[in-house]
Every structure is written in C-alpha cells, then in structure tokens.
Amino acid sequence: MRCRALQPYLDAAARRGLLSVDTETTSLDEMQADLVGGSLCVEPGQACYIPLGHVTGIADDLLGEEKRAENQMPMEEALALLRPVLEDPAILKIGQNLKYDLKILARHGLHVAPIDDTMLLSYAQAAGLHAHGMDALADRHLGHQPIPIKTLIGSGKSAIGFHQVEIDKAAPYAAEDADVTLRLHRVLKPRLAPSRAATVYETLERPLIPVLARMEMHGIKGDRDRLSRLSNTFSQKMAGLEAECHDLAGQSFNLGSPKQLGEILFDKMQLPGGSKTKTGAWATGADVLETLAAEHGSDLAARLLDWRQVSKLKSTYTDALQTHIHPETGRVHTSFSLAATSTGRLASTDPNLQNIPVRTEAGREIREAFIAEPGNLILSLDYSQIELRILAHIADIEALKQAFREGQDIHALTASEIFGVPVEGMDPMIRRQAKAINFGVIYGISAFGLSNNLRIPRDEAKAFIDAYFAKFPGIRTYMDDTVAAAKAQGFVETLFGRRIHTPDITQKGPRQGFQQRAAINAPIQGSAADVIRRAMIRIPPALERARLSGKMLLQVHDELLFEVPEAEADKTIEVVREVMESADAPACKLATPLVVDAGRGESWAAAH
DNA sequence: CATCTCACG
DNA sequence: ACGTACGTGAGATGC
C-alpha cells in the first residue's frame, strides 16, 4: 500500500487517463490544515499512500520531542512529481468531496484539473434518497465498510492529529480511501449515462467546485475589534435584562434554560396558554412568549425575549465569529457544502455565513463587521422575488407573469386580486397579509400554517387561501400535479432537470402533509438554486473577459457578495447583473424577467 | 448526543 | 382527528 516509488503510479495514471486522489491532513479546516500525505489509485486494489508530513515522538508530553518520521519524500519533491499529472488536462482526477483536496493542494501551488467528484455524482442522481458521504456510498454501492478514522486518531479530547499516526497504520487507511473512491467512480459515473442528471452534474455541480474553492479561500475580511466591542455591549445588556428577569420571576434562574423558564412561567406563575412539546416539556418558543407578553401583559416574557435576542447575537455571532477570523489572512473563510440540501441549495458551515442577522437593528450591526479592504468596496447583488417569478413561470399564471413583466408590486397585486381592493392607497396590513400568502404558496400553503403566521383564526386563513385559489386556479393545479408526479415517479424536478426524490410521500401517516408540502416547494426552491449556480459559474470568466479584478466572496441563496476596487464597482455591477439576469437562458428561458438589485458600501451592512 | 431555540433565504 | 408552513446550521442545556 505504501508508495515506495511514485513515478510508476503516475505513469500508469497518464496511460489510463485517470486516477483517484485523496489528501490526509491535520484538520478538517482546509485553511488551517497541514498536508500530511496523499493517496492515489489507478487500479482497484492497487492504491498507494505517499507519506509527507508524519512525525514520531510523544506529543502530549512536554518533554517529548516530535521528530520527522523517516523514509518520507520531501514535500517539494512530491509536489514536483505530482504536478504534471494533477495539472494535466488529459488526466481526470477523481475524488470524494474533492473541493477539500483542491483547496489543500492549491495552498501548495497545485491547480488540479480536470476533475470528477463521486459525492456529487451521487448527489446529482440521488438527492433526497440517501446520504452522499464516503462511508454511506461505500456501504451502499460496494457493500464495503471503510476503516473508521477513529481507529487511527481516536476521538474527543484525546484525539491525535493525522501527522502523529504511524505511517504503517496510516497507509492502509489512506490508500483504502483512494481505492474506494475509484471503485465508486466506476459504479456511479456509468450510471449517470446520457440523462438530465448528467447535464445537472456537468453544468451545475462539477463546475461549481473550483468556483467555491476560490471563494472560500479568498474569504471576507472580518473586523475583530468591532465584533469585540459589540460583544461587550451585548454582555452589558444581558446583565441588565437578567437582573430584571430574576426580579420579575421572584427568584434566580438560568435564563438560557427553557426547562427552568417553563416551570417558572406555567407552574410557579400559573400563566395561561401553556402547551407541551412532544417530549412533555413546556414550550417556551418566541411565539409562546410573544403571546404571553401581548395578551397577558407578562413583563417577564417580554424581557426574556429581549434577553434571548441579545444572547443569540452574542454567542452565535459576535463571540463565535471572532474565533473564525483567520490569524494570517484576517478573513473569515466559510465552507460551502454542495451536497447538503435536498433541493440543490448550498449550505454554509464553519461558520455559517448564510444566516448572519439582518432583520433587526442590533443584528444589522453585526454585518458592519464584514468589511472591504481599504480602497475596495463590498457589492451585494440579489435576485428580486426569484421564487415567486419561478412559481409564476412553472405554474404558468398569466396575471403573475404580466405583473412581473410590468414591474408591479407583486404583494400589492395579490392583495388587490384576493381582497378586491385597489393597489393605490392600500392598507399596509392588507399587503402584509398578501405577502404572507405568497410565501405560504411557495411553502405548500396550509390554513394552519397561514393562521399561525398571521395570528388569525384558522377559518379566516382558510378563507384567504380559498380566495387566492379562486383568483389563481393554476396554482392549485400546479400543486396537485406536483404531488401526483411525486407519488407516481418518486421524485420531482427543477426547471433544469435536477431531481429531488420523495421516497416517503406514498407512506400513510402524520408526515404525509409534510412530504407533500416539501414536494411542492422543491421545484421552486431548487430551480432558484439552479439559476444562481449557473450565474456563479459564469461570473468568474465574465469578470475576466471584462478585465475586472473583483472577487466573488459569498452566496446567500439569492444574493452574491463581491469585493472590488472602488474604481471597478460600477462596471462590475453591470457585468454581474447581466450574467445573473440572464442565468436562466438558454437552457430554460423564464416567462418572467429576472431582476437583480445591487448595493455597495464599505461593509456588508452598507452594501445591503 | 438529543432537544430546544433561533439566525437566515 | 391528526399536525404542519419550505430549506438550512449552530449554541446552550441537560440527560
């Protein structure tokens, strides 16, 4: 398994035109990880491991000394040998979650192409059906259970780094990963065949890997002092609110414990409206506390809500984000998962930069800590109402399509249609209700959900929905057809052919409604996800053609963030907007125009 | 490690 | 009669 002579493997890869690759490192964080070794596989059962950064010695003993393990090729020598193969346009490099390895190797100056990714081959064919991690795929497609990493590095606090694993133990593990990856490719690639799934993989999945890798490595500048000052402000607010809450409760308790809070509100204070969660605990969610504050004048509930908001902002954002500012780059490097959602959306982790606060003033201040370098600007470009536009297209609703063509206020138009009031001088509350209905439609509307959201009686919500369907009967047809297709085929599709499987929709039981609403939502949410993926793939070459140096930094589902030199801001907005607004064509030209709003500023807050 | 809660689109 | 708005990730609590 261990690689004594690398060149014969590389020659075999060149002859064959493909090989699988896997890197071993000291961390799951690609921006912090050190390369420890690499494995290659050209023929099943013949994988090899190249140890590069293993050490010997006792790490947990201050007196112990770490020494470089013997019989390892110098890093530079290995990279020089690998470069002609990993960068050869005629040799396909196969990996499992290859974005990870691409980033590690890019930090060593290696730019790997062309590529195939077994995780994404699986995702393009089986989203919604099963997991796409290597262990799951190996078990499912090869009936094989790979060596668990735990057996090498341990787990929890006592876990060691991969560089501390003995080479003789590391080699079989690492080589197996490359071997399994190659064998998975042999199963999954042919299965793709000529199909819409193949087009999805080739046009929406694979090309996004290097785009995301570059975005993640670039990161976004974080203002540590600003976050730190906000943390201090939040601490003081929390202390004041905590004292008030203890006073109002007549006792000291942990404000962060829903259990203790529920007991105080409903057992001790005997407030009405208590309900239990499915595990029998008192429910103390924001909706419950808001009702207690509004309808029963509970100051404790009101103050608790304030405390929760500040506590959330501090722990999840101002405290945690500081730890995610890279010590060398001064930037926050998130990781985008390509295969985490059933619908085709990306997911952001470590940290999640797709849920940075925006809806409250205190929250917005956190966005002021995401800034541009001096002389640069943050640009934000976001699709306006993309999901409703896609719904209008898919369900073919002439009135909605026309409204979007004419640039009308879609929520006001909906209100006008279903409540029979003129758009001019409309009561904002009426528009707000129509907006909730429009969102509800995207989510697979129910009287229960709408009544909850608008805090109106269930029968009133039902009347709204009935009025909506009377005006837009095509929406109900779309919903019925979509559920029927999901039941008949076991999947639904986006406009671009992405399949979202719905294996549980035919099962009877309490979760049926849930499955049906998910099936209704998936083509809408998924098509929007496809559109922005297409834009993201086209933007880097479009910027290059226009000789623009700006960098794409983040994607937040319908929004893209850039950092650009001030002098290039206008032109960059022009170029990016054109790409985004035409990202549906030519594969699937929407009957509604795509509209992109743009903003700029020295921070994310200012650009929004 | 499950549960609850809450941040986003 | 049931039990729900769709899709996520993360932090704190408490078993």
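In what follows, chains are A, B, ... by sequence order, proteins preceding strands, each numbered from 1. All values below come from the heavy atoms of this structure, side chains included, with hydrogens, waters and symmetry mates left out.
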- Message: Among C:dG14, B:dC8, C:dT8, which nucleotide has an atom closest to any side-chain atom of A:Val358?
- Response: B:dC8
- Message: Closest approach to the side chain of A:Gln260, judged atom by atom: which nucleotide of C:dC6, C:dG14, B:dT5 is it?
- Response: C:dG14
- Query: With the threshold set at 4.0 Å, does a side-chain nitrogen-carboxylate oxygen contact exist between A:Glu205 and A:Arg498?
  - Reply: yes
- State whether A:Arg345 places a side-chain N or O below 4.0 Å from either non-bridging phosphate oxygen (OP1 or OP2) of B:dG9. no
- Query: How would you label the contact of A:Gly444 with the nucleic acid (heavy atoms, under 4.0 Å): base, sugar-phosphate, or nothing?
  - Reply: nothing
- Message: Between A:Lys462 and A:Asp466, does any NZ, NE, NH1 or NH2 come within less than 4.0 Å of an OD or OE carboxylate oxygen?
- Response: yes
- Describe the nucleic acid contact of A:Asn352 in one word from base, sugar-phosphate, nothing, applying a heavy-atom distance below 4.0 Å. sugar-phosphate
- Think A:Thr316 has a side-chain N or O under 4.0 angstrom from the OP1 or OP2 of B:dC6? no
- Is A:Ile356 touching bases, backbone alone, or none of the nucleic acid, heavy atoms closer than 4.0 Å? sugar-phosphate
- Does A:Arg517 put a side-chain nitrogen or oxygen below 4.0 Å from OP1 or OP2 of C:dC6? yes
- Measure the CE-CD1 distance between A:Met479 and A:Ile520 for me, rounded to the nearest 0.5 Å. 5.0 Å
- Task: Indicate whether OP1 or OP2 belonging to C:dG3 is found under 4.0 Å from a side-chain N or O atom of A:Arg511.
- Result: no
- For A:Glu559, report the nucleic acid contact type (base, sugar-phosphate, nothing); a contact means any heavy atom under 4.0 Å. nothing
- Message: Using a heavy-atom cut-off of 4.0 Å across all strands, would you classify A:Ala528 as base, sugar-phosphate, or nothing?
- Response: nothing
- Classify the nucleic acid contact of A:Thr341 as base, sugar-phosphate or nothing, counting any heavy atom under 4.0 Å across all strands shown. sugar-phosphate
- If you look at every strand shown and take non-hydrogen atoms under 4.0 Å, does A:Ala281 touch a base, only sugar-phosphate, or nothing? nothing
